[in-house]
Amino acid sequence: MDDGPDLSNNPYGSAVDIFADESVLKEDWQPAELPERASELEEIRNSLAPATRGVNAHNLFLYGKTGQGKTVAIDHELDLLAEYATSTDDLELSVVKTSANNQSTSYQLAGHLIKEIRGSGPKPSGIDQQSMFDLLYEELHDLNKTIIIVIDEIDSIGSNDDLLYELPRARKNGHLEDQWISVIGISNDLEFRDNLSPKVKDSLYDSEIEFAPYDATQLTSILERRADQAFYDGVLAEDVIPLCAAFAAQDEGSARQAIRLLYKAGELALNNEQDSVAEVHVREARDILERKRIEEGMRSLTNQDQLALLSVVALEVAGETPTRTRYVYQKYKSIADRLDTNQLVERRVRDHLQSLGMQGFLIAESRNRGIQGGNHYRFELKTDLETTLDILREDNRLHDLVADLSAAVNHSQ
DNA sequence: CTTCCACCGGAACCAGAGGGTC
DNA sequence: GACCCTCTGGTTCCGGTGGAAG
């Protein structure tokens, strides 16, 4: 009967067992198999295969929203290729893998790649673009014969795509002699391809693979595989996985999101000392994650973004949404006045409203009322009003203003 | 068929900060 | 210290636009 000290008063350790192996649900967990992406994997393999035959692999573009397995898929295939390379003398492979996140120009991306290849040291800059490219070629020269450069989030360089034109032609232009280079770009932005300059498309484009969003069925089987390892048997109520899958499918079809949801639901059950995960936990988890998403988004807003958002929020409170730009701007001016911040010109506020729309805080509907109304947008708040007010109130400078608005909400309720 | 509303959004330009090299 | 680079967040200016009204 006596098996160890009495822990009944110790706050750590739980009375219930939910997770068999929690790490399976973490962000950095790499699944060993991707049956839902079998055909995409095969396409990648076909594109890489020329490398094993002593020429350069095809350039390749992967498109798809976040959480569609693009990065996992490319890692998976490159691992296999590297494994093959070590087992044979035919292939001397160097893989340079980087994320273009925050590198918004070719110049910066080249600097970033140099830093990546060197493995340490500062990022070079302060020289002109061609010298930067030359520096990059020097670094590439020291690598193996077959070079594959993987650039994640390649869309962040926008239309400044000179480097993408240069790289695939390096050999032809005599910058490299005995080496084969190919580029794999990964993009979340489906329009990126269309905005590339024609000469880049020409030099870079061998093949592209689109990762379509997972549907609910696929998400369900992905979740089931994870859940098998992550949870103890019989812990999940029957409808938990389908519900997580359905929520995620409704949104972006992201596996990452679905897994987060399942993980959070499990944690909630655990924290409440319940021995099984039920539908309520999933719903609660969704609310928590949604709130977190808004909070994180708002934290990155600039002052002026906040003011523009606040203008729409104020109109929302007054029940005057959706509303056109003119009234938002009027409200904006009075708010800026009250807070004693500088007022921007209308054109700029329009930009801020536009970007709030893109970030999912506002709904911007374009319409046209002809001779009485012309062409204009109508804005309304997309996020939950109460939550938005809560979060905005945390900002000291906005506190009083938001408090007034909240009072108005409660009054009308 | 034309007119015209009232905003849309591209373009050119600017100041200031911040990253560097030589 | 002179000089080179880019980026952010702003301004000014202005031609463009689609559909209701006449």
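Because the structure is predicted, anything quoted here is derived from the model rather than measured. Just so we're on the same page: letters track the sequence lines, and every chain starts at 1.
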Separation of atom [atom1] in [X] from atom [atom2] in [N], rounded to whole Å:
X: A:Asn342; N: C:dT11; atom1: CG; atom2: C1'; result: 12 Å
X: A:His352; N: C:dT11; atom1: NE2; atom2: C1'; result: 12 Å
X: A:Leu301; N: C:dG9; atom1: CG; atom2: P; result: 11 Å
X: A:Gln343; N: C:dT11; atom1: CD; atom2: P; result: 10 Å
X: A:Asn303; N: C:dT8; atom1: CG; atom2: P; result: 17 Å
X: A:Arg347; N: C:dC14; atom1: CZ; atom2: C1'; result: 11 Å
X: A:Leu135; N: C:dC4; atom1: CG; atom2: P; result: 19 Å

Q. When the ring planes of A:Tyr329 and A:Tyr332 are compared, do they come out parallel, tilted or perpendicular, using 30° and 60° as the limits?
A. parallel
Q | A:Phe231 and A:Phe19 aromatic ring geometry - parallel, tilted or perpendicular at 30°/60° bounds | A | tilted
Q) Testing A:Glu296, A:Glu295, A:Glu290 for salt bridge (charged side-chain N to carboxylate O under 4.0 Å, His left out) with A:Arg293, which one passes? A)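 That would be A:Glu290; it is the only one of A:Glu296, A:Glu295, A:Glu290 passing the salt bridge (charged side-chain N to carboxylate O under 4.0 Å, His left out) with A:Arg293.
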A side-chain contact here means heavy atoms from C-beta on lying under 4.5 Å apart; do [X] and [Y] qualify?
X: A:Ile184; Y: A:Ile151; answer: no
X: A:Val96; Y: A:Ile148; answer: no
X: A:Leu93; Y: A:Thr86; answer: no
X: A:Thr325; Y: A:Val349; answer: no
X: A:Ile147; Y: A:Trp180; answer: no

**Q.** A:Glu139 side chain to A:Leu136 backbone, donor-acceptor under 3.5 Å
**A.** no
Q) Okay, side chain of A:Arg45, backbone of A:Glu77: is any donor-acceptor separation there less than 3.5 Å? A) no
Q: Have a look at A:Ser366 and say if it touches a base, only the backbone sugar-phosphate, or nothing, with a 4.0 Å heavy-atom cut-off.
A: nothing
Q | End axis versus end axis in the helix from B:dC1-C:dG22 to B:dC22-C:dG1, the angle rounded to 10°, five pairs used at each terminus | A |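 The helix from B:dC1-C:dG22 to B:dC22-C:dG1 shows an end-to-end axis angle of 10°.
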Q: Let me have a per-nucleotide readout for nucleotides 3-8 of chain B, 5' to 3', with B, S or -, counting only protein heavy atoms under 4.0 Å.
A: --BBBB
**Q.** Sequence-aligned protein contact record of nucleotides 13-18 of chain B, with B where the base is within under 4.0 Å of a protein heavy atom and S where only the sugar-phosphate is
**A.** ------
Q. Below 3.5 Å, does any donor atom in the side chain of A:Arg348 face an acceptor in the base of C:dG9, or the other way round?
A. no
Q: Go through A:Asp351 and A:Arg348 one step at a time and tell me if the salt bridge (Lys or Arg N to Asp or Glu O under 4.0 Å) criterion holds.
A: CA-CA 5 Å; A:Asp351 282 344; A:Arg348 195 80 247 289; 3.7 Å; yes
